[in-house]
Amino acid sequence: MNFKITPSSEAGPVRRAGFFKNVHFGPTKTRKNVLSDGIVELELAAPLEEYPEKLTEKLRFWATQKPDVIFIARRNNNGEWVRLTYADTFKKVERIAQYLLNLGLSEQKTLVILSENSLEHALLSLAAVHVGIPYSPISPPYSLLSDDFGKLRHTLQLMTPGLIFAQNGCVYARAIALAETLFPEATFVTVDGSKGVDFAQILAVEPTPQVQAAFEAVNADTVAKVLFTSGSTGLPKGVINTQRMWCANLQQITQVFPFMKTEPPVFIDWLPWNHTFGGNHNFGLTLYNGGTLYMDEGKPTPKGIGTTVQNLREISPTAYFNVPKGFEMLIPYFEREPQLRETFFKKLQILFYAGASLAQPVWNRWEELAAETTGEKVPIITGLGCTESGPSAMFASWGGSFSGLLGVPVAGMKVKLVPDGDKLEARYKAPNVTPGYWREPEVTAKAFDEEGFYKTGDAVKFVDEHDPDKGLVFDGRIAEDFKLSTGTWVNVGVLKAKVLTAGSPIVQDVVLTGLDKEYVGAILFLNVEACRVHAGLESETSHEEVFTHPKVTNYLDEMLVRLENQATGSASRVVKYIVALEPPSIDLGEITDKGSLNQRAVLKYRANLVEKLYGLPAPNGETINSLIGG
């Protein structure tokens, strides 16, 4: 398939609300169909345009058309950028592909990557995709932070790997030892050469016509990768990502953001490739549009945020992606450093967040920072999607939106809204939707309805029933909502967003309680660094001392007062909170790979905190109750 670098024929101007940067987005006109049983069908009026059958058609194309353009870069141990052009990348990918074929890798003997983002990780994954070998990037915490290796063992057994890669054999020694016991015949590859084959040896392999033949045999239904998602309960499920699914979604996203097609994107990004946001969306968009991806070794943590800031002092992105916590942690640096702001906003078209709700005060401050620096606000974009939709299903792609607005479906996506009690569950059917879960047919069967729509479990509602073009807003998770003993339903998603907004930056996350109880309670997970700053405490102060400091507890009590003033009834009022002293556990499934809390797991494994919350007499409405948990 040949590609032409041309502007989108259906790009439209941004919906202006105030003084927004003049960014062009794709069309947002929708078609809404209300059926007799209350089901609503919603789709974009504009069609999905042509897209390639397989992803590495794009790599081959750019290697020919823009051979010297930098595709991907990462700093070495000396802090210098190591850059790979499109031509370099394609040459290395063909060599690695030959090595993988020599090993006889296939759907029965797959490629598993244990470690974090790296140049070698990128090359290995593209080589596997190029010749039709399924690969799976496993969440590094499964190898590095787990005590029992339960999730790692499960994912390895599902994947039956013939090759296992780790960046550093010493760092991943324990995980590699487990893999050796499970798959003693597998080949192990490391970059440092401390275990198995040295990665440099692979790059010395000469490609043969076998590589081209394998590439030609790849089709739209070929499995490209398997991404594991923890879901709400149980062990991780392997979401099948076909070539069609990945390519279709990248075309859908590009039609939403046509400026990426006319001006090749530049990204600086830390998001992990074992998750669909970083691996499918950001990495994929770079390749699909002939852009450049600078790998950020930082993270939105007290130790990692400085690295991210240093990179942002050097790189001017055209779009910037992060999770809400990352945007929140960057604000103090941007407030202090005018030059950082100048560099960052120089070429920026959009800010994009996903993974959780962005607190409205954080949203507002970013709009202010952009306006103070450039005289214009930069549109802040989000939407709705999941690993099973590759990831993007809908976008709010216009300036002047707000936290919680999900927007309208991407081209080619049919969204079916199915009544569930007083809510509407969003269900998807489109070429970017997964065919199912890797080697779990029973789980797959339960995930789709009788018409083949994927059941997301996400509840949504229209901003305006009479104008679907204004988009949908998030209305919580169907499975998370619960009833109080009075029979009143609590909308967990909406109330959780209010708590996070009222508690920012002290409250990092929250799990709501109250099933069959008289009132709503909250288990709070606090941001220890924000608490220390607020209380003026030293860094060595213990978590318990920080969380029990009067300035912190007073802040939380005042938060409840603010929530009380906004409440319209028992379902929107948090009566009592308890602070969790221990962070959420990966081993227990309390935290997902993308960093969000698994509400059901937290309630299960912290039942003692729930008992504590409701062990005392219910408050009379005048007393604010707070507790410290364990």
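No hydrogens, no waters, no symmetry mates; every other heavy atom, side chains included, goes into these values.
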- Assess the side chains of N280 and W273: does a donor N or O sit below 3.5 Å from an acceptor N or O? no

- Query: Which residues satisfy the ring-ring contact (aromatic ring centres under 6.0 Å, His included) test with F448, sequence neighbours excluded?
  - Reply: Y454

- Item | Any donor-acceptor pair under 3.5 Å from R573 side chain to E564 backbone | no

- Message: With a 6.0 Å cut-off (strictly less than), is the heavy-atom count around CD of E442, excluding the residue itself, greater than 12?
- Response: no

- Query: Are the ring centres of H154 and Y142 closer than 6.0 Å?
  - Reply: no

- Exercise: do E545 and S542 side chains pair donor with acceptor under 3.5 Å: yes

- With the threshold set at 4.0 Å, does a side-chain nitrogen-carboxylate oxygen contact exist between E425 and R427? yes

- Query: Distance only, no hydrogens: is a donor on one side chain within 3.5 Å (strictly under) of an acceptor on the other, for D557 and Y577?
  - Reply: yes

- Query: Can Y428 and E388 be counted as having a side-chain donor-acceptor contact under 3.5 angstrom?
  - Reply: no

- Using a strict 4.0 Å threshold on nitrogen-to-oxygen distance, state whether E328 and R365 make a salt bridge. no

- Query: Looking at F327 versus W366, is the centre-to-centre ring distance below 6.0 Å?
  - Reply: yes

- Query: Is the closest side-chain heavy-atom distance between S136 and W438 below 4.5 Å?
  - Reply: no

- Check: P391 and N249 side chains under 4.5 Å, non-hydrogen atoms: yes

- Item | Cationic N near anionic O, under 4.0 Å, E451 to K416 | yes

- Message: Distance to the ring centre below 6.0 angstrom and angle to the axis at most 45 degrees; does that hold for R532 and F547?
- Response: no

- Answer whether the closest heavy-atom distance between the side chains of V410 and I253 falls below 4.5 Å. no

- Does the Y614 side chain pair with the main chain of G521, one donor and one acceptor, at a distance under 3.5 Å? yes

- Message: Nearest 0.5 Å, please: how far is OG1 in T434 from CH2 in W246?
- Response: 13.5 Å

- Donor-acceptor side-chain pairing of N554 and E558 below 3.5 angstrom: no

- Message: Does either side chain, that of N432 or that of S389, offer a donor lying less than 3.5 Å from an acceptor on the other one?
- Response: no

- Got more than 12 heavy atoms from elsewhere within 6.0 Å of NZ, K299? no

- Message: Suppose we call two aromatic rings close when their centres sit under 6.0 Å apart. Are H121 and F165 close by that rule?
- Response: no

- Message: Please determine whether the number of non-hydrogen atoms from other residues, nucleotides or ligands lying under 6.0 Å from atom NZ of K429 exceeds 12.
- Response: yes

- Mind checking the CG-OH spacing from L111 to Y135? Nearest 0.5 Å is all I need. 8.5 Å

- Message: Under a plain distance cut-off of 3.5 Å, with no hydrogens placed, do T501 and Q360 share a side-chain donor-acceptor pair?
- Response: no

Anything under 3.5 Å between a donor and an acceptor, one on a side chain of residues 171-180, the other on a protein residue two or more places apart or in another chain? List them.
residue : atom : partner : partner atom : Å
Y172    : OH   : E116    : OE1          : 2.8
E180    : OE1  : K195    : NZ           : 3.3
E180    : OE2  : K195    : NZ           : 2.6

- Kindly state whether the ring of F277 and the ring of Y353 have centres lying under 6.0 angstrom apart. no

- Residue set satisfying salt bridge (charged side-chain N to carboxylate O under 4.0 Å, His left out) with E297, at least two apart, ordered chain then number -> R74

